[in-house]
*Asks:* 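Following this message is one structure expressed as structure tokens.
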Amino acid sequence: MTETNEQNNEQRLDFIRQIVANDIKNEIWDERVHTRFPPEPNGRLHIGHAKAFCLNFGIAEEFNGKCNLRFDDTNPVKEEQEHVDAITEDVKWMGWDWEDRLYFASDYFGQMYDWAVQLINDGKAYVCDLTAEETRKYRGMLKESGRNSPYRDRSVAENLDLFDRMKNGEFPDGTKTLKAKIDMASPNINMRDPVMYRILHAHHHRAGDDWCVYPMYDWAHGLEDSIEGITHSLCSLEFENHRPLYDWFLDALGIYHPRQYEFARLNLTYTMMSKRKLSQLIEDGLVSSWDDPRLPTLSGLRRRGFSPESIRTFCKTIGVNKFNSTIDYALLEHCLRDHLNATSPRVMAVLNPLKVVITNYPDGQTDELDAINNPNDESAGTRIVPFSKELYIERDDFMEDPPRKFFRLAPGREVRLRYAYFITCTDVIKDENGEIAELHCTYDPETRGGDAPDGRRVKATMHWVSAKHARDAEIRLYDHLFTKENPEDVEDGQDFTANLNPDSLKVLTGCKIEPSVKNTKPLDRFQFERIGYFCTDTDSTPDKLIFNRTVGLRDTWAKVQKQQQDQKKQKQQKKKNNR
RNA sequence: UACCCGGUGGUGUAAUUGGCAACACUCGAGUUUUUGAUACUCGCAUUUCAGGUUCAAGUCCUGGCCGGGUAACCA
């Protein structure tokens, strides 16, 4: 049953993979599959980009093809080398390999220019002197057709001369463009004599000052695909209306013609992918940087402790489609926990320490106990955890007056300390404010390792650390950046920042962690038993340990508590109503 | 109604292309457990609507309804 399901799963192809499979079957491209991921180097990659490049690289891998990494750097004023480096690192981190096929659109500027000259010679392109604003007016509106530019019928010779002089920098920015001569009455606005080149006296991060004209996306993109021999050019839905233009340029030139297919971008609850808004958050200091662990950027997710494997599983699971949808953040968390559960070494850490003194344990003695590193992976082995008279437990694991269903420590109650002993709480020591300062407990030496020879059972197993052996740590607890599933869901006059979650970051200091982690390096991943998955922060040093909470463990006790509270509220409400 | 695209549980994706609506997540109810984790079991839809074709429609046809995209010298 399971086997057939898995087989079915493998056979299930999304609509793009179906097209690719059919093309192979019908020998459309000589059984060749060649995709590309074409980021613009003007910002960082986020998980939405991961969906796109996992699709492109994934298809190449599955169909025995190739996928290029290509920087679409046609706009010199917005692009920087720094982004190229960051993007390259992110794609590599995600486990994809473009081998020697790292390309830049700017490397094709010469060829593109020659092709533009060809179009001019064919009477299919002309130099236009309309300003940007005039161009917009001539283009017309959605429901009405445009008008021909007065410069539309210049002679080939004049166009050639003007275009050459544009290239040579003889004209100021914005004074002239090269346009394709298509159809100003087309119902598709993209076909109303689109701009191919604009004049930009700008320094390009790779091409330097060689060019004074730069190609527009619609003109450039198909040419890039054509030069690289791309078979399936995948892009997002908003380019659907551009496909006729993509096809028109390639047909007009009579060159190798890849096919463009569009798919929906990723949307996720409780976050957003807008490049502009992400950089706004950074610029306004609402998050720290591109790799702030609350951001859906790949560098942020990496610093948060996400594994590339979990992101890839997620991208595979969400599928590909042609309509907008919003994926539940819980699905991402599921993929994350699933992988982390299988791979993370377990460690004991106390976030909110409460001191416990084992009154019948000898002073100065240390016990070395064996602990399993990963119950799901025997090869992960075991480690030694020290035990002594003074310990820390989690403050939440003790209640002086426990409600129903609270299984943990309480006065007179016996619980198990994981891998150690059964302990029983005998005294609650309070400070002058009445706050619980420490607990006195006794232990049962017979229960070493956590089993009672007499077979008696306890309801709870708790994590702990030995006070004198523990390391101090700072722990950063992260939560959703926004309080609403849709951050854009705001009242009139507000913007998405109104939905920022004030509790998206809580910094805990004075946390206690077992000594086995003392040599941890940035980005090491752990499960802190009974709490969640954590990752060593990039700011962490051996002298100052810092951990980020990647994601908590599922917490049924929290749910029970919430239910109990809700029931209480309801009862109080009923009483009020009855009065 | 300018053009283009789309509509299957709460969410996301399937349905061998006309043949018993499946899988995952979430949520709920349980079992197991030295992590209240994991694992496991069970439960949650008449496929946007109305007609039509057909032995048979999520799938094909017609019409409606609803949603998204498009008017940068951005990509």
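For the numbers below, each heavy atom of this structure counts, side chains included, while hydrogens, waters and symmetry mates do not. In what follows, chains carry the letters A, B, and so on, assigned in the order in which the sequence lines appear, proteins first and then strands, with residues in each chain numbered from 1.
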*Asks:* Distance check, P atoms only: B:A39 and B:C61, in whole angstrom units.
*Replies:*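 Pairwise P distance, B:A39 against B:C61, rounds to 43 Å.
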
*Asks:* Partner of B:C60 by Watson-Crick or G-U wobble geometry, both contacts under 3.5 Å, or none?
*Replies:*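 Looking at the geometry, B:C60 pairs with B:G52.
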
*Asks:* Rounding to an integer number of Å, can you tell me how far A:K405 NZ sits from B:A29 C1'?
*Replies:*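 Spelled out: NZ on A:K405 to C1' on B:A29 is 12 Å.
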
*Asks:* Does the B:U38 base have a donor-acceptor partner in the side chain of A:R337 within less than 3.5 Å?
*Replies:*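 Result: no qualifying N/O pair found.
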
*Asks:* What does A:L553 touch in the nucleic acid at a heavy-atom separation under 4.0 angstrom: a base, only the sugar-phosphate, or nothing?
*Replies:*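 Counting heavy atoms under 4.0 Å across all strands, the contact made by A:L553 includes a base.
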
*Asks:* Could you check A:R418 against A:V385 for side-chain contact (heavy atoms from CB on, under 4.5 Å), going step by step and ending with a plain yes or no?
*Replies:* CA-CA 10 Å; A:R418 188 138 158 98; A:V385 183; over 6 Å; no

*Asks:* Considering only NZ, NE, NH1 and NH2 on the basic side and carboxylate oxygens on the acidic side, decide whether A:D193 and A:R152 come within less than 4.0 Å.
*Replies:*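 Yes.
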
*Asks:* What integer distance in Å separates A:E485:CD from B:C27:P?
*Replies:*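 Nearest whole value for this atom pair: 12 Å.
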
*Asks:* Can A:R456 and A:D444 be counted as an ion pair, charged N to O under 4.0 angstrom?
*Replies:*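 So A:R456 pairs with A:D444 through a salt bridge.
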
*Asks:* Which part of the nucleic acid, if any, lies within contact of A:P215, taking any heavy atom under 4.0 Å across all strands shown: a base, the sugar-phosphate backbone alone, or nothing?
*Replies:*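 Sugar-phosphate only.
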
*Asks:* Taking only the side-chain nitrogens and oxygens of A:R418, find out if one of them lies under 4.0 Å from OP1 or OP2 of B:U33.
*Replies:*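 For B:U33, OP1/OP2 do not have a side-chain N/O of A:R418 under 4.0 Å.
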
*Asks:* Quickly work out the A:K275 NZ to B:A75 P distance and round it to whole Å.
*Replies:*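 Answer to the nearest Å: 11 Å.
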
*Asks:* Determine the Euclidean distance between corresponding C1' atoms of B:U54 and B:G18; express it in Å to zero decimal places.
*Replies:*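 It works out to 9 Å between them.
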
*Asks:* What nucleotide, of B:C27, B:C73, B:G36, holds the atom closest to the side chain of A:R530?
*Replies:*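 Given the options B:C27, B:C73, B:G36, the side chain of A:R530 is closest to B:G36.
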
*Asks:* Using whole Å, report how far CH2 of A:W219 lies from P of B:C74.
*Replies:*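 To the nearest whole Å, that distance equals 17 Å.
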
*Asks:* Over all strands shown, is A:M216 touching base, sugar-phosphate only, or nothing at heavy-atom distances under 4.0 angstrom?
*Replies:*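 Answer is sugar-phosphate: A:M216 comes under 4.0 Å of backbone atoms only.
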
*Asks:* Under 4.0 Å, counting only non-hydrogen atoms across every strand here, what does A:D218 touch: a base, just sugar-phosphate, or nothing?
*Replies:*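 Since no nucleic acid heavy atom lies under 4.0 Å of A:D218, the category is nothing.
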
*Asks:* Heavy atoms under 4.0 Å, any strand shown: does A:Y197 hit a base, just sugar-phosphate, or nothing?
*Replies:*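 Result for A:Y197 = nothing.
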
*Asks:* Could you label the plane-to-plane angle of the A:Y270 and A:H480 rings as parallel, tilted or perpendicular, counting under 30° as parallel and over 60° as perpendicular?
*Replies:*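 A:Y270 vs A:H480 ring planes: parallel.
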
*Asks:* Is any side-chain N or O of A:T556 closer than 4.0 Å to OP1 or OP2 of B:A37?
*Replies:*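 Yes, such a contact exists.
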
*Asks:* How is A:S186 classified with respect to the nucleic acid when contacts are heavy atoms under 4.0 Å: base, sugar-phosphate, or nothing?
*Replies:*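 Since no nucleic acid heavy atom lies under 4.0 Å of A:S186, the category is nothing.
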
*Asks:* Between the side chains of A:E62 and A:R17, is the shortest nitrogen-to-carboxylate-oxygen separation below 4.0 Å, so that they form an ion pair?
*Replies:*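 Yes, charged N to carboxylate O under 4.0 Å.
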
*Asks:* Using the C1' atom as the point on both nucleotides, what is the distance between B:G6 and B:U47, in whole Å?
*Replies:*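 It comes out at 15 Å once rounded to the nearest Å.
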
*Asks:* For B:A15, is chi within 90° of 0 (syn) or not (anti)?
*Replies:*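 This nucleotide is in anti.
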
*Asks:* Need one value for A:Y214: base, sugar-phosphate or nothing, where a base atom within 4.0 Å counts as base even if backbone is also close, heavy atoms only.
*Replies:*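 Since no nucleic acid heavy atom lies under 4.0 Å of A:Y214, the category is nothing.
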
*Asks:* Students often mix this up, so state it plainly: with edges at 30° and 60°, are the rings of A:F109 and A:H204 parallel, tilted or perpendicular?
*Replies:*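 Geometry flag for A:H204 against A:F109: perpendicular rings.
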
*Asks:* Evaluate ring pair (Phe, Tyr, Trp, His ring centres under 6.0 Å) for A:Y217 paired with A:F239, printing each intermediate quantity in order.
*Replies:* CA-CA 11 Å; A:Y217 169 88; A:F239 291 106; 4.9 Å; yes

*Asks:* Using the six-membered base ring of B:G36, report whether A:F407 stacks on it, requiring centroids under 5.5 Å and planes under 30° apart.
*Replies:*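 Stacking is present between B:G36 and A:F407, given that their ring centres fall under 5.5 Å apart and the planes under 30°.
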
*Asks:* Heavy atoms under 4.0 Å, any strand shown: does A:I372 hit a base, just sugar-phosphate, or nothing?
*Replies:*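 It contacts nothing in the nucleic acid.
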
*Asks:* What integer distance in Å separates A:R416:CZ from B:U35:P?
*Replies:*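 After rounding, the gap between these two atoms is 7 Å.
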
*Asks:* Compare the minimum distances between each of B:A72, B:A75, B:U35 and the side chain of A:T74, then state the nucleotide with the smallest one.
*Replies:*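 Comparing B:A72, B:A75, B:U35 against the side chain of A:T74, the answer is B:A75.
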
*Asks:* How far does the P atom of B:U62 sit from the matching atom of B:A72, given to the nearest Å?
*Replies:*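 Straight-line distance between the two P atoms is 34 Å.
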
*Asks:* Strictly below 4.0 Å, N to O, side chains only: are A:E82 and A:R44 in salt-bridge contact?
*Replies:*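 Between A:R44 and A:E82 there is a salt bridge, with a charged N closer than 4.0 Å to a carboxylate O.
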
*Asks:* Distance check, C1' atoms only: B:G12 and B:A45, in whole angstrom units.
*Replies:*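 It works out to 15 Å between them.
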
*Asks:* Rounding to an integer number of Å, can you tell me how far A:R192 CZ sits from B:U70 P?
*Replies:*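 So the CZ-P distance, A:R192 to B:U70, works out to 15 Å.
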
*Asks:* What does A:R265 touch in the nucleic acid at a heavy-atom separation under 4.0 angstrom: a base, only the sugar-phosphate, or nothing?
*Replies:*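 The answer is nothing, as A:R265 stays clear of every strand by at least 4.0 Å.
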
*Asks:* So, OP1 or OP2 of B:G7: does either fall under 4.0 Å of a side-chain N or O from A:K322?
*Replies:*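 For B:G7, OP1/OP2 do not have a side-chain N/O of A:K322 under 4.0 Å.
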
*Asks:* Report which part of the nucleic acid A:P244 touches: base, sugar-phosphate, or nothing (heavy-atom distance under 4.0 Å, all strands).
*Replies:*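 No contact at all - A:P244 keeps every heavy atom at 4.0 Å or more from the nucleic acid.
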
*Asks:* Quick check on RNA chain B: between A:A330 and A:T326, whose nearest nucleotide comes earlier from the 5' end?
*Replies:*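 Result of the comparison: A:T326.
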
*Asks:* Does B:U26 have OP1 or OP2 under 4.0 Å away from a side-chain N or O of A:R554?
*Replies:*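 A:R554 to B:U26 OP1/OP2: side-chain N or O found under 4.0 Å.
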
*Asks:* Taking the P atom in each of B:C40 and B:C23, what is the distance between them to the nearest angstrom?
*Replies:*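 These two P atoms come out 14 Å apart once rounded.
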
*Asks:* Answer yes or no: side-chain N or O of A:Q527 and base N or O of B:U35 forming a donor-acceptor pair under 3.5 Å.
*Replies:*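 Indeed there is one.
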
*Asks:* Using a heavy-atom cut-off of under 4.0 Å over every strand shown, decide if A:E240 touches base, sugar-phosphate, or nothing.
*Replies:*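 Result for A:E240 = sugar-phosphate.
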
*Asks:* Give one of base, sugar-phosphate or nothing for A:D72, where a contact means two heavy atoms less than 4.0 Å apart.
*Replies:*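 It contacts sugar-phosphate atoms only.
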
*Asks:* Whole Å only: how far is the CG atom of A:N324 from the P atom of B:U8?
*Replies:*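 Taking CG of A:N324 and P of B:U8, I get 12 Å after rounding.
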
*Asks:* Please confirm whether the shortest side-chain N or O distance from A:R243 to OP1 or OP2 of B:C4 is below 4.0 Å.
*Replies:*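 Looking at the OP1 and OP2 atoms of B:C4, neither is under 4.0 Å from any side-chain N or O of A:R243.
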
*Asks:* For a quick check of understanding: with a heavy-atom distance under 4.0 Å over all strands, which category does A:F422 fall into, base, sugar-phosphate or nothing?
*Replies:*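 No contact.
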
*Asks:* Measuring only the P atom in each nucleotide, how far is B:G9 from B:C74? A whole number of Å is fine.
*Replies:*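 So the two P atoms sit 41 Å from each other.
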
*Asks:* With respect to the phosphate group of B:A75, does any side-chain polar atom (N or O) of A:R70 fall under 4.0 Å of OP1 or OP2?
*Replies:*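 Checking B:A75 against A:R70, no side-chain N or O comes under 4.0 Å of OP1 or OP2.
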
*Asks:* Using whole Å, report how far NZ of A:K51 lies from P of B:G12.
*Replies:*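 Spelled out: NZ on A:K51 to P on B:G12 is 11 Å.
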
*Asks:* Does B:G36 have A:W557 stacked on its base, where the ring centres are within less than 5.5 Å and the planes differ by under 30°?
*Replies:*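 Stack criterion met.
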
*Asks:* Considering just the side-chain nitrogens and oxygens of A:T461, establish if one lies under 4.0 Å of OP1 or OP2 belonging to B:U33.
*Replies:*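 It does not, given that no N or O in the side chain of A:T461 lies less than 4.0 Å from OP1 or OP2 of B:U33.
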
*Asks:* State plainly whether the residues A:E394 and A:R408 are in salt-bridge range, i.e. N to O under 4.0 Å.
*Replies:*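 Salt bridge between A:E394 and A:R408, a charged N being under 4.0 Å from a carboxylate O: no.
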
*Asks:* Between B:G36 and A:R408, counting only base atoms on the nucleotide and side-chain atoms on the residue, is there a donor-acceptor pair under 3.5 Å?
*Replies:*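 Such a pair exists between side chain and base.
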
*Asks:* Which part of the nucleic acid does A:Y217 contact within heavy-atom distance under 4.0 Å: base, sugar-phosphate only, or nothing?
*Replies:*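 It contacts base atoms.
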
*Asks:* Under 4.0 Å between a side-chain N or O of A:K143 and OP1 or OP2 of B:A71?
*Replies:*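 Looking at the OP1 and OP2 atoms of B:A71, neither is under 4.0 Å from any side-chain N or O of A:K143.
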
*Asks:* In the strands shown, is B:G36 matched to any nucleotide by a Watson-Crick or G-U wobble pair with both distances under 3.5 Å, and which?
*Replies:*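 Pairing partner: none.
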
*Asks:* Could you tell me whether A:K322 and A:E240 make a salt bridge, using a distance below 4.0 angstrom between a side-chain N and a carboxylate O?
*Replies:*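 Salt bridge present between A:K322 and A:E240.
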
*Asks:* Rounded to whole angstrom, note down the P distance from B:A29 over to B:C20.
*Replies:*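 Here B:A29 and B:C20 have their P atoms 34 Å from each other.
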
*Asks:* Can you see if the side chain of A:N321 gets near the phosphate of B:A14 - specifically, an N or O under 4.0 Å from OP1 or OP2?
*Replies:*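 So the side-chain polar atoms of A:N321 do come within 4.0 Å of the phosphate oxygens OP1 or OP2 of B:A14, strictly under.
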
*Asks:* With nearest nucleotides of RNA chain B determined for A:N75 and A:P375 from heavy-atom distances, which residue corresponds to the more 5′ nucleotide?
*Replies:*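 Checking each residue's closest nucleotide, the 5'-ward one belongs to A:P375.
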
